[in-house]
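Because the structure is predicted, anything quoted here is derived from the model rather than measured.
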Amino acid sequence: MTAQAPPTPAVAPPQPYDPLRLCVFATVALIAWLAGPFAVVGFAALGFAGYWRARRAGLERSKCVLRDTRLVLAYLGLLALAGTVGAVLTTLEVLGVR
């Protein structure tokens, strides 16, 4: 009996670049444009909660430009605060109080 060579795995052709992140960025921009400061508060709170949880799990360095998760949390907290101020001012303007 002759030994057979093991089958060679099929090599998948390289996939073309998928600019999914650009689509995500455009969608986030659209939501922010439509919802204004309310969207800023929502996205900042969502990001803050995610980074808070990751930091408690041991993440100290992020892929975010700010790198240090404490800086990212401070940045997202400031965004949420600014968005809240904007949302209150927008609501007051819509109600005619301001």
Side-chain angles (χ1 to χ4, degrees):
M1 233 179 189
T2 59
Q4 294 180 349
T8 56
V11 177
Q15 296 293 319
Y17 171 72
D18 182 4
L20 174 64
R21 290 174 61 179
L22 298 177
C23 183
V24 170
F25 295 155
T27 303
V28 169
L30 174 65
I31 293 169
W33 177 59
L34 293 173
F38 300 99
V40 174
V41 172
F43 284 118
L46 185 65
F48 190 92
Y51 270 97
W52 182 267
R53 185 174 181 187
R55 180 148 178 90
R56 291 193 56 171
L59 181 69
E60 293 181 4
R61 304 251 324 146
S62 171
K63 293 179 184 177
C64 178
V65 172
L66 297 174
R67 297 285 181 228
D68 189 335
T69 54
R70 293 172 296 190
L71 292 176
V72 176
L73 286 167
Y75 167 71
L76 292 170
L78 285 174
L79 277 182
L81 179 64
T84 301
V85 169
V88 168
L89 293 176
T90 300
T91 303
L92 291 176
E93 188 174 317
V94 168
L95 295 176
V97 177
R98 194 178 135 198

Check your understanding: How close do I31 and A39 get, heavy atom to heavy atom, and via which atoms?
Key -> O-CB, 3.8 Å
**Study point:** Connected-component partners of V41 among ILVMFWY, side-chain separation under 4.5 Å
**Key:** none
Study note, to complete from the structure: In this structure, CZ of F48 is separated from CG of L79 (nearest 0.5 Å) by 11.5 Å
**Study point:** Approximate separation, where rounding is to 0.5 Å, of L76 CG and L81 CG
**Key:** 12.5 Å
Study note, to complete from the structure: Sorted by chain and residue number, the salt bridge (Lys or Arg N to Asp or Glu O under 4.0 Å) partners of R70 (sequence neighbours excluded) come out as D68
Check your understanding: For the residue pair T69 and R61, what are the closest heavy atoms and their distance?
Key -> CG2-N, 4.3 Å
Revision key, fill the gap. For Y75, the side-chain hydrogen bond (donor to acceptor under 3.5 Å, both in side chains) test, sequence neighbours excluded, returns none
Point to revise | Same apolar cluster: L66 and L78, side chain cutoff 4.5 Å | key: no
Point to revise | Nonpolar side-chain network containing V94, other nodes, edges under 4.5 Å | key: none
Point to revise | Minimum heavy-atom distance A44-A80, with the two atoms named | key: CB-N, 3.6 Å
Point to revise | Test side-chain hydrogen bond (donor to acceptor under 3.5 Å, both in side chains) applied to R67 - qualifying residues, sequence neighbours left out | key: none
Review point. What pairs meet the side chain to side chain donor-acceptor pair (under 3.5 Å) rule with one or both residues in residues 30-53, with sequence neighbours excluded?
Key: Y51-S62
